[in-house]
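Read the structure below first, then the notes.
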2 protein chains.
Amino acid sequence: MTGEMPDKRPDRKLRADAERNRRLLLDTAAQVLADKGLDVPISYIARAAGLGQGTVFRRFPSKESLVLAVVMDQLGALIELGDTLSADEPDPAEALRRFLSAGIQVVAENRGVCEAVYGSLGAGPELPAVYRRIVEIMHELVSRAQAAGSVRGDVTAEDLVLLQRGVAQAAAPLRESDPQLWRRYLDLLWDALRPAVADPLYGNAPTFAWEKMEIPAEAG
Amino acid sequence: MTGEMPDKRPDRKLRADAERNRRLLLDTAAQVLADKGLDVPISYIARAAGLGQGTVFRRFPSKESLVLAVVMDQLGALIELGDTLSADEPDPAEALRRFLSAGIQVVAENRGVCEAVYGSLGAGPELPAVYRRIVEIMHELVSRAQAAGSVRGDVTAEDLVLLQRGVAQAAAPLRESDPQLWRRYLDLLWDALRPAVADPLYGNAPTFAWEKMEIPAEAG
DNA sequence: ACCTGAACACCGTTCAAGT
DNA sequence: ACCTGAACACCGTTCAAGT
């Protein structure tokens, strides 16, 4: 057969209007998801962006993949901050604390991200490349803080990534009435990380099953 | 009109077969929800219980209310434990730790409860009577532990209820590969609660908007 | 009173027709 | 290549008919 197949490679250059629509869709979705949460119908997002819902599915094969793309956009900013801190912040404890804080804040202040990040990672995983990068940065920062004697030696980068989620989720029920509550529980977490208190922790540090994770199209 | 209305009062005595079916439904749902999570169709639960799906909606006005009833069943057991600890455990720190542990465990080991408890409480709240009771027990236990000097004075019962959730949710992504991971983060939380480390915490302790909570039918 | 399954509404996803 | 909205499948909820 001679019919042209549409190019499925994710990084194939899009036609100008398509690229514009993709960006519009991501921005609209980010905003809508942030305060309505994951339950908004795709049709709602499509209408808010002034597009047909078919267009959404042309660019993102499923609702989940759209959400994923939005979340990855946000985590991309977090990674940039991590790189900056890793390069420029001379105080290891301060660098770690700011990275923890920023990660918690993204989840805590964004209903869509909070709900999305709930089921993800671990067993039925997503966001692989981005999460792996975050763990790498976390590892760098926590290692330095431990070497400086600011943080107990028995917590790992994986622990801290999970605990970021935990802190954000602890504060999540009161997001509307007390949007800064997560800072309170970050303070508690920080206390728990002091080397002085270090009782041995139960069991072994967790490991993530990166192999099980599939690279979604958007991750390129 | 002379037609009899069905009695809507939630505690009205059910006919024997209806009561049996209600119990069967709750037990089946508990089991199915625990490992499949909230996404299982009602039709699946109905079939597993050998009933028509209409029967489910006759007893529980919505899927949400069925889930709620299941969760409340489980939290009922937690409350009983709390009462026992409050009455019988002489060591205040031990009593508090065991209550924290049991609450985290319920959420951590039960996918349905974990997902259900995610959105609840706080802004758009449910489970009111049961949650209020849990906070009361927590208040009793934490007060004693604080009076005994085992726990820092600036955390409240509300903090701890939220933090239970947080610990369970931190470990949730690895539930299948590492089902005991929550114990590790309970250890960390426990370290954070020591009076010795007490840096002042950010902001004020949270308060729950009980007024906003509606008593669901099942709470009778 | 209670049970049931067919019917309805809604939303995610697909696709034939149009630009 | 891309866009669109109608059509399809699935699941929560309702309800007319039966016991």
Side-chain angles (χ1 to χ4, degrees), chain A residues 2-26 28-29 32-33 36-70 112 115-116 119 216-217, chain B residues 2-26 28-29 32-33 36-70 112 115-116 119 216-217:
Chain A
T2 54
E4 289 295 319
M5 279 316 240
D7 194 326
K8 292 297 190 191
R9 276 172 298 170
D11 50 348
R12 192 84 195 96
K13 191 130 151 293
L14 297 172
R15 218 167 68 179
D17 55 345
E19 180 57 39
R20 198 166 43 241
N21 283 341
R22 198 188 97 91
R23 197 62 246 169
L24 175 63
L25 217 39
L26 278 174
T28 308
V32 170
L33 291 172
K36 306 267 183 199
L38 298 189
D39 278 346
V40 283
I42 280 289
S43 58
Y44 182 97
I45 295 174
R47 208 171 324 116
L51 298 170
Q53 48 185 344
T55 307
V56 179
F57 285 93
R58 159 162 265 273
R59 211 50 64 204
F60 303 95
S62 65
K63 182 180 184 178
E64 189 185 359
S65 78
L66 170 61
V67 172
L68 214 59
V70 169
E115 292 176 14
Chain B
T2 53
E4 288 296 317
M5 278 317 236
D7 194 326
K8 291 297 191 193
R9 274 173 297 170
D11 51 348
R12 191 85 197 95
K13 194 134 150 289
L14 297 173
R15 219 168 66 178
D17 57 343
E19 180 57 39
R20 199 167 40 243
N21 283 340
R22 198 188 98 91
R23 196 64 245 169
L24 175 63
L25 216 40
L26 278 175
T28 308
V32 171
L33 291 172
K36 306 267 183 198
L38 298 190
D39 278 345
V40 284
I42 280 289
S43 58
Y44 183 97
I45 295 175
R47 208 172 323 117
L51 298 170
Q53 49 185 343
T55 307
V56 179
F57 285 94
R58 160 162 264 272
R59 208 52 62 205
F60 303 96
S62 65
K63 181 179 184 179
E64 189 185 0
S65 77
L66 170 61
V67 172
L68 214 58
V70 169
E115 291 176 16

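Note that the coordinates shown come from a computational prediction; the quantities given were computed from them, not determined experimentally. Residue numbering restarts at 1 for every chain, and letters A, B, ... go by the order of the sequence lines.
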**Prompt:** What is the pairing partner of D:dC3, taking Watson-Crick or G-U wobble pairs with both distances under 3.5 Å in any strand?
**Reply:** none

**Item:** Nucleotide paired to D:dG12 in any strand shown, Watson-Crick or G-U, under 3.5 Å
**Value:** C:dC8

**Request:** Identify, between B:E19 and A:T55, the residue whose nearest nucleotide on DNA chain C lies closer to the 5' end.
**Result:** B:E19

**Message:** Using heavy-atom distances to pick each residue's nearest nucleotide on DNA chain C, tell me which of A:F57 and B:L51 is more 5'.
**Reply:** B:L51

**Asked** Can you name the nearest heavy-atom pair linking B:F60 to B:S65, along with the distance?
**Response** CB-OG, 3.3 Å

**Message:** Can you give me the closest heavy-atom contact between B:L38 and B:E115, atom names plus distance?
**Reply:** N-OE1, 2.9 Å

**Prompt:** To the nearest Å, how far apart are B:Q53 CD and D:dA16 P?
**Reply:** 17 Å

**Prompt:** Reckon B:R59 has a side-chain N or O less than 4.0 Å from the OP1 or OP2 of C:dC3?
**Reply:** yes

**Prompt:** Is any side-chain nitrogen or oxygen of A:N21 closer than 4.0 Å to OP1 or OP2 of D:dC3?
**Reply:** yes

**Request:** Taking the side chain as every heavy atom from C-beta outward, state whether B:L26 and B:L66 have any pair of such atoms under 4.5 Å apart.
**Result:** yes

**Asked** Which comes earlier along DNA chain D counting from the 5' end, the contact point of A:R15 or that of A:G54, where each point is its nearest nucleotide?
**Response** A:R15

**Prompt:** For DNA chain D, whose closest nucleotide is more 5', that of A:G50 or that of B:S43?
**Reply:** A:G50

